[in-house]
K.L.:
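This is the structure, below, for whatever I ask next.
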Amino acid sequence: MKERESDPALTELRATMRQLERGGAWTRCGRLDAPAGPDTWLDRIAPEIHTVVRRANEEWAPQDSYVEAPATLAEVAPHMRGIGPDEAVAHLTRFAAECLCWRVPLMDRQAAGEHASRVAGLLGPRARWWTNHEEHGWNGLTGCTFDGVVAGTDGVRFTVLVQATVD
């Protein structure tokens, strides 16, 4: 509880990410243990990404026999690619607002976009962002048929959003 009280930006980040969960995405955010250089940030948040990926897999696996094992922690960072803040906002918006399989709305796209922009603003201009999506595909992490992951950090705070679904 003291962590939340001592970091108003983290408190607001958590509240905003909860809004992005409304459509069915999984999220996680918090503080990194110790400051480090930007070249280590992906490695530092990979365990946080992996935690959310496993959570999505654990919820889907009992519902569909075709769900495979999720990526291992060692596979997370190599499956992610760096993106800019505008692309991060676009991915946060899409993964929160639209089913990756059926393309049906999960939540209001405008509201998702506003929340996504707020998340990027809270992490600020020095934040770095990653996704598992490429121009024409993605590097699956959850073991589900479709998944989308976006993660970012400013070196102090981090955030992760995962959408996973099966067809």
K.L.:
Between Val150 and Trp41, is there a shared hydrophobic cluster once you connect ILVMFWY residues whose side-chain heavy atoms come closer than 4.5 Å?
P.N.:
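Shared cluster, no.
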K.L.:
For a quick test of reading the model, state the closest non-hydrogen atom pair linking Arg126 to Gly155 and the distance between them.
P.N.:
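Result for this residue pair: NH2-CA, 4.4 Å.
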K.L.:
Does Trp130 share a hydrophobic cluster with Leu123, counting links as ILVMFWY side-chain heavy atoms below 4.5 Å and allowing steps through other members?
P.N.:
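Different clusters.
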K.L.:
Whether the side chain of Asn57 engages the backbone of Cys144 through a donor-acceptor N/O pair (distance < 3.5 Å, no angle test) should be reported.
P.N.:
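It does not hold such a pair.
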K.L.:
With a 4.5 Å heavy-atom cut-off, do Thr131 and Arg81 have their side chains touching?
P.N.:
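A side-chain contact under 4.5 Å exists here.
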K.L.:
State yes or no: do Leu32 and Val52 share one hydrophobic cluster built from I, L, V, M, F, W and Y residues joined by side-chain heavy-atom distances below 4.5 Å, directly or via other members?
P.N.:
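Yes, it is one cluster - the side chains of Leu32 and Val52 are joined through contacts under 4.5 Å.
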K.L.:
Within a strict 4.5 Å, meaning less than it, do heavy atoms of the Pro47 and Leu73 side chains meet?
P.N.:
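They are in contact (side-chain heavy atoms under 4.5 Å apart), so the answer is yes.
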K.L.:
Mark yes or no for whether His50, through its side chain, and Ala71, through its backbone, hold a donor-acceptor pair below 3.5 Å.
P.N.:
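Present.
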K.L.:
Decide yes or no on side chain to side chain contact (heavy atoms under 4.5 Å, CB included) for Asp7 and Arg31, but give the supporting numbers first.
P.N.:
CA-CA 9 Å; Asp7 189 344; Arg31 291 181 63 84; 2.6 Å; yes
K.L.:
Quick check: closest heavy atoms across Glu75 and Pro78, and the distance to 0.1 Å?
P.N.:
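The pair with the smallest heavy-atom distance is O-CD, 3.4 Å.
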K.L.:
To the nearest 0.5 Å, what is the distance between CG on Leu42 and CD1 on Ile49?
P.N.:
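Result: 5.5 Å between the selected atoms.
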K.L.:
What's the separation between atom OG1 in Thr93 and atom CD in Glu114, rounded to the nearest 0.5 Å?
P.N.:
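That separation rounds to 9.5 Å.
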K.L.:
Given side chains that start at C-beta, do those of Trp129 and Asp86 come closer than 4.5 Å, heavy atoms only?
P.N.:
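Side-chain contact under 4.5 Å: no.
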K.L.:
I'd like to know if the side chain of Asp147 and the backbone of Thr142 have a donor-acceptor N/O pair within less than 3.5 Å.
P.N.:
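At least one qualifying donor-acceptor pair exists.
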K.L.:
For the pair Phe95 and His133, name the ring-plane relationship: parallel under 30°, tilted 30 to 60°, perpendicular over 60°.
P.N.:
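Tilted, since the angle between the ring planes falls between 30° and 60°.
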K.L.:
Would you mind reporting whether His91 and Leu161 have side-chain heavy atoms less than 4.5 Å apart?
P.N.:
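Of all side-chain heavy-atom pairs linking His91 with Leu161, none is under 4.5 Å.
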K.L.:
Measure the spacing between CZ of Arg94 and CG of Leu100 and express it to the nearest 0.5 Å.
P.N.:
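Arg94 atom CZ to Leu100 atom CG measures 5.0 Å (nearest 0.5 Å).
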K.L.:
Counting N and O atoms only, with roles assigned by atom type, does the side chain of Asn132 sit under 3.5 Å from a partner on the main chain of Asn139, one being a donor and the other an acceptor?
P.N.:
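Checked: pair present.
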K.L.:
Please find the pair of heavy atoms, one from Cys29 and one from Arg14, that lie closest to each other, and give the distance.
P.N.:
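Looking at all heavy atoms of both residues, the shortest contact is SG-CG, 3.3 Å.
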K.L.:
Looking only at heavy atoms, what is the nearest atom pair of Pro62 and Glu59, with distance?
P.N.:
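That would be CD-O, 3.7 Å.
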K.L.:
State the OH-CH2 distance between Tyr66 and Trp60, to the nearest 0.5 angstrom.
P.N.:
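Between atom OH of Tyr66 and atom CH2 of Trp60 there are 15.0 Å.
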K.L.:
Answer yes if Val160 and Met17 sit in the same cluster of Ile, Leu, Val, Met, Phe, Trp and Tyr residues linked by side chain heavy atoms under 4.5 Å apart, and no otherwise.
P.N.:
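As far as the 4.5 Å side-chain criterion goes, Met17 and Val160 are not connected within one cluster.
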K.L.:
Between Arg28 and Phe158, is there a donor-acceptor pair closer than 3.5 Å when you use the side chain of the first and the backbone of the second?
P.N.:
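Not confirmed, Arg28 side chain does not pair with Phe158 backbone.
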K.L.:
Give the minimum heavy-atom separation between Arg54 and Pro70, together with the two atoms involved.
P.N.:
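That closest heavy-atom pairing would be CG-CG, 4.2 Å.
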K.L.:
What distance do Leu122 atom CG and Arg157 atom CZ have between them, rounded to the nearest 0.5 Å?
P.N.:
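Here the rounded value is 8.0 Å.
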K.L.:
Can you tell me how far apart CD (Gln19) and CZ (Arg118) are? Round to the nearest 0.5 Å.
P.N.:
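Between Gln19 CD and Arg118 CZ, I get 13.0 Å after rounding to 0.5 Å.
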K.L.:
Evaluate the side-chain proximity of Trp102 to Asp167: yes if any heavy-atom separation is below 4.5 Å, no if none is.
P.N.:
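Touching, per the 4.5 Å side-chain cut-off.
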K.L.:
If we only count heavy atoms from C-beta on, is the His115 to Val119 side-chain gap below 4.5 Å?
P.N.:
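No; the side chains remain at least 4.5 Å from each other.
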K.L.:
Nearest heavy-atom pair of Arg22 and Ala111: which atoms, and what distance?
P.N.:
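Shortest heavy-atom separation between Arg22 and Ala111 comes out as NH2-CB, 4.3 Å.
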K.L.:
Please test Gln163 against Leu106 for side chain to side chain contact (heavy atoms under 4.5 Å, CB included), starting from the C-alpha separation and ending with a verdict.
P.N.:
CA-CA 11 Å; Gln163 188 205 125; Leu106 300 174; 3.8 Å; yes
K.L.:
Inspect the surroundings of CD in Gln63 and state if more than 12 heavy atoms from other residues, nucleotides or ligands are less than 6.0 Å away.
P.N.:
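Enclosed.
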K.L.:
Are Thr27 and Arg18 close enough that some pair of their side-chain heavy atoms sits under 4.5 Å apart?
P.N.:
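No, every pair of side-chain atoms sits at 4.5 Å or beyond.
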K.L.:
Taking a hydrophobic cluster as the set of Ile, Leu, Val, Met, Phe, Trp and Tyr residues connected by side-chain heavy atoms closer than 4.5 Å, whether directly or through intermediates, do Trp138 and Val53 fall within one such cluster?
P.N.:
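No.
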